[in-house]
Q: 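My structure is below; once you've seen it, I'll send some questions.
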Amino acid sequence: MSYQPPTALPRDLLDDATMQHALSTHDFGTVFRLARERARISYSRIAAECDIKPDRVGTLARGQSRISSFGKIVQIADALRVPGQMVGLAPRPWEAEVAPAPQESAGPDLHRRTVLQVATATGLAAALPALHHSAPPARITNSYVDLLRERTARLRRLDDILGGGDTYRVYLAEVQRTKAVLHRGSFAGEHARLRLTALLAEQAQQAGWAAFDGGRGKEAASLYEESRAYAQEAGDADLYGNSLAFLAYGALADDRRTAVAIARDSCATITDRTPASVRALLYERLAWACAVDGQPDGTEAALSSAREALETAPDGEPQPDWSAWVDHTELGIMTGRC
């Protein structure tokens, strides 16, 4: 019989819906927490078998960090004896010697797993889109800004497939290039300049999230601050509020009360014109900050406001691409986390 590490997860836990969702989304903090609560596998043993510092295992379990390194995902899967298909990998060598893995159900997570299987065979670089940039036009027009915005939306989809450890440099390069165009370009009008400034704020938020996801806390905070400044310059209240929400998320590890205050400031930017998905996003991040700080009433009130935002959304209301992923399913996941 093949060797079974002391951190091997029992079959009934692998069959658990919450565990399966955590594995498919690479939420290893939840995986570690469930392993301790349900299988009595200590964090210290997980740390030793997965070659992770013990304090980082605790940080992950509190939802304050993420695992995004491809190599580390493989190492965790082997240490916990998680079948490859459950975390987007090809079957692991040891799987041939154990019982068949639970069948996965089709769903929104299948895309991430399928693409990661391709990446396993061909390398992560092959899964990235072409990053070629043509030279900007002599005068920056609204049409050109639209093209850059579409490119940003396409690149954002990488976050559905890869972690911040793989995407950070891609997103940061987009920020740096847009910044160069903004500061050196000649604009066809003030409106085009402001729209490009808002796009830069959006790109800085995406790069900041990738930095945070990849364990680069200082870089993330710097990018969020940059995003806030550009959003303010562009007069984009939605992006400004979201930059505050990101800052609050990052501050939770060091100062929970300050994080809650920043999250409340982000919600204070909401007006009658704020799209439903943006309102829900800001309120659910406030809910998480309150939950981490041990404020159950604030948590429930924020979740209720997020729920109301989605339930009362006008039919056909346009949603920004950067918040369109927030729906009832996402809110249900956040409710469970809180």
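Throughout, residue positions are numbered sequentially from 1 according to the sequence presented. Computed from a predicted model, the values in this text were never measured in an experiment.
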Q: From F212 CZ over to E219 CD, what is the distance, rounded to the nearest 0.5 angstrom?
A: 12.5 Å
Q: Of all heavy-atom pairs between T269 and L244, which one has the smallest distance, and what is that distance?
A: CG2-CD1, 4.4 Å
Q: If you count heavy atoms of other groups shown closer than 6.0 angstrom to CZ of R169, is the number above 12?
A: no
Q: Looking at CD of Q295 and SG of C338, how far apart are the two atoms once the value is rounded to the nearest 0.5 Å?
A: 12.0 Å
Q: Just by distance, with hydrogens left out, do Q176 and K179 show a side-chain donor and acceptor under 3.5 Å apart?
A: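 No pair is found: no donor N or O on one side chain lies under 3.5 Å from an acceptor on the other.
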Q: Search all heavy atoms of Y249 against all heavy atoms of G63 and return the closest pair with its distance.
A: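 Heavy atoms only, the tightest pair is OH-O, 4.0 Å.
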Q: Please report the interatomic distance CZ(R195) to CG(D236), rounded to the nearest 0.5 Å.
A: 11.0 Å
Q: Can you tell me how far CG of L60 sits from CD1 of I67, rounded to the nearest 0.5 angstrom?
A: 5.0 Å
Q: Spell out, as yes or no, whether a donor-acceptor pair under 3.5 Å connects the side chain of Q319 to the backbone of S277.
A: yes
Q: Is there a side chain to side chain contact (heavy atoms under 4.5 Å, CB included) between V326 and L331? Walk through the geometry before answering.
A: CA-CA 7 Å; V326 181; L331 182 55; 5.8 Å; no
Q: Do the side chain of S222 and the main chain of K218 share a donor and acceptor less than 3.5 angstrom apart?
A: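 No; judged by distance alone, with no hydrogens or angles, the pair does not exist.
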Q: In terms of side-chain geometry, is the basic nitrogen of E284 or R337 positioned less than 4.0 Å from the acidic oxygen of its partner?
A: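 No.
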Q: Give a yes or no on whether a salt bridge exists between R157 and D321, defined as a side-chain N under 4.0 angstrom from a carboxylate O.
A: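 The answer is yes: the pair qualifies as a salt bridge.
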Q: What closest approach, in Å, do A201 and S227 show between heavy atoms, and which atom pair accounts for it?
A: O-OG, 2.9 Å
Q: Any non-hydrogen side-chain atom of V82 less than 4.5 Å from a side-chain atom of I76?
A: no
Q: Check whether S304 reaches the backbone of A301 with its side chain - one donor and one acceptor, N or O, closer than 3.5 Å.
A: no
Q: Do Q206 and D159 have side chains that get closer than 4.5 Å, going by heavy atoms?
A: yes
Q: Less than 3.5 Å apart, any donor N or O on the side chain of T152 or Q203 sitting next to an acceptor on the other?
A: yes
Q: Report, as yes or no, whether the 6.0 Å neighbourhood of atom CZ on R45 holds more than 12 heavy atoms from other residues, nucleotides or ligands.
A: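 Open.
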Q: In Å, rounded to the nearest 0.5 Å, how long is the span from CD of E202 to CG of L239?
A: 6.0 Å
Q: For residues M19 and I41: do they belong to one hydrophobic cluster (side chain heavy atoms under 4.5 Å, members Ile, Leu, Val, Met, Phe, Trp, Tyr)?
A: yes
Q: Without swapping roles, check the side chain of K72 against the backbone of D51 for a donor-acceptor pair under 3.5 Å.
A: yes
Q: Could you state whether L13 and V57 fall into the same hydrophobic cluster, counting links through intermediate Ile, Leu, Val, Met, Phe, Trp or Tyr residues with side-chain heavy atoms under 4.5 angstrom apart?
A: yes
Q: Any salt bridge linking R177 with E174? Criterion: basic side-chain nitrogen under 4.0 Å from a carboxylate oxygen.
A: no
Q: Apply salt bridge (charged side-chain N to carboxylate O under 4.0 Å, His left out) to the pair E233 and R193, showing each step before the final yes or no.
A: CA-CA 10 Å; E233 182 181 345; R193 189 188 70 80; 3.0 Å; yes
Q: Any sub-3.5 Å donor-acceptor pair from Y168's side-chain atoms to G214's backbone N or O?
A: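 Checking the backbone N and O of G214 against the side chain of Y168, no donor-acceptor pair under 3.5 Å is found.
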Q: Answer yes or no for R139 and F187: cation-pi contact, defined as NZ/CZ to six-membered ring centre under 6.0 Å and angle to ring axis within 45°.
A: no
Q: After noting the C-alpha distance and the side-chain angles of Y283 and L303, does the key distance pass the side chain to side chain contact (heavy atoms under 4.5 Å, CB included) rule?
A: CA-CA 7 Å; Y283 279 126; L303 289 173; over 6 Å; no
Q: Is there a side-chain contact between R62 and L252 in this structure, where contact means two heavy atoms from C-beta onward sitting under 4.5 Å apart?
A: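 The answer is no, as the side chains (C-beta and beyond) never meet within the 4.5 Å cut-off.
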Q: Is the backbone of Y240 close enough, under 3.5 Å, to the side chain of S243 for a donor and an acceptor to pair up by distance?
A: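 Yes; judged by distance alone, with no hydrogens or angles, the pair exists.
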Q: Is it the case that one hydrophobic cluster holds both L199 and F246, taking links as side-chain heavy atoms less than 4.5 Å apart, direct or via other members?
A: no
Q: Assess, by modelled atom type and distance only, whether the side chains of R56 and S65 contain a donor and an acceptor separated by less than 3.5 Å.
A: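 Yes, a side-chain donor-acceptor pair sits under 3.5 Å.
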Q: Do NZ/NE/NH1/NH2 and the carboxylate oxygens of R33 and E37 come within less than 4.0 Å?
A: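 So R33 pairs with E37 through a salt bridge.
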Q: Side chain to side chain contact (heavy atoms under 4.5 Å, CB included), that's the test. Do L9 and L34 meet it? Break it down for me.
A: CA-CA 10 Å; L9 299 180; L34 290 174; over 6 Å; no
Q: Run the side chain to side chain contact (heavy atoms under 4.5 Å, CB included) test on E225 and L247 for me, step by step, so that the C-alpha distance in whole Å, both residues' side-chain angles and the decisive distance to 0.1 Å come before the verdict.
A: CA-CA 8 Å; E225 288 288 3; L247 284 166; 4.0 Å; yes
Q: Would you mind reporting whether L172 and L223 have side-chain heavy atoms less than 4.5 Å apart?
A: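 Side-chain contact under 4.5 Å: yes.
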Q: Using the rule that two of Ile, Leu, Val, Met, Phe, Trp, Tyr join whenever any of their side-chain heavy atoms come within less than 4.5 Å, decide whether I140 and L148 are in one cluster.
A: yes
Q: Hey, are E308 and R279 close enough for a salt bridge, meaning a charged N less than 4.0 Å from a carboxylate O?
A: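 A salt bridge is absent here (no side-chain N lies under 4.0 Å from a carboxylate O).
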Q: Work out which heavy atom in L282 is nearest to a heavy atom in C267; give both atom names and the distance.
A: O-SG, 3.5 Å
Q: Grab the two heavy atoms, one from R264 and one from C290, that are nearest each other, plus how far apart they are.
A: NH2-SG, 3.8 Å
Q: Do E311 and H328 have side-chain heavy atoms sitting under 4.5 Å apart?
A: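 E311 reaches H328 side chain to side chain.
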Q: Report yes if the side chains of Q85 and P91 come closer than 4.5 Å at any heavy-atom pair, otherwise no.
A: no
Q: Output yes when a side-chain donor or acceptor of Q20 lies under 3.5 Å from a complementary backbone atom of L14, and no otherwise.
A: yes
Q: Can any side-chain N or O of Y171 pair as donor or acceptor with the backbone N or O of L155 at less than 3.5 Å?
A: yes
Q: If every non-hydrogen atom of L281 is compared with every non-hydrogen atom of N242, which pair is closest and at what distance?
A: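 Distance-wise, the nearest heavy atoms are CD2-OD1, 3.5 Å.
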Q: Aromatic ring centroids of F32 and Y43 under 6.0 Å?
A: no
Q: Check D16 with R38, please: is the shortest side-chain N to carboxylate O separation under 4.0 Å?
A: yes
Q: Any chance the side chains of D146 and S143 put a donor and an acceptor closer than 3.5 Å?
A: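 Side chains of D146 and S143: no pair found under 3.5 Å.
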Q: Inspect the contact between R81 and E95 and indicate whether a charged nitrogen and a carboxylate oxygen are less than 4.0 angstrom apart.
A: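 No salt bridge links E95 with R81.
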Q: Enter the distance from L286:CG to T299:OG1 here, rounded to the nearest 0.5 Å.
A: 8.0 Å
Q: Hey, any chance M334 and F28 share a hydrophobic cluster, counting ILVMFWY side chains that come within less than 4.5 Å of each other, even indirectly?
A: no
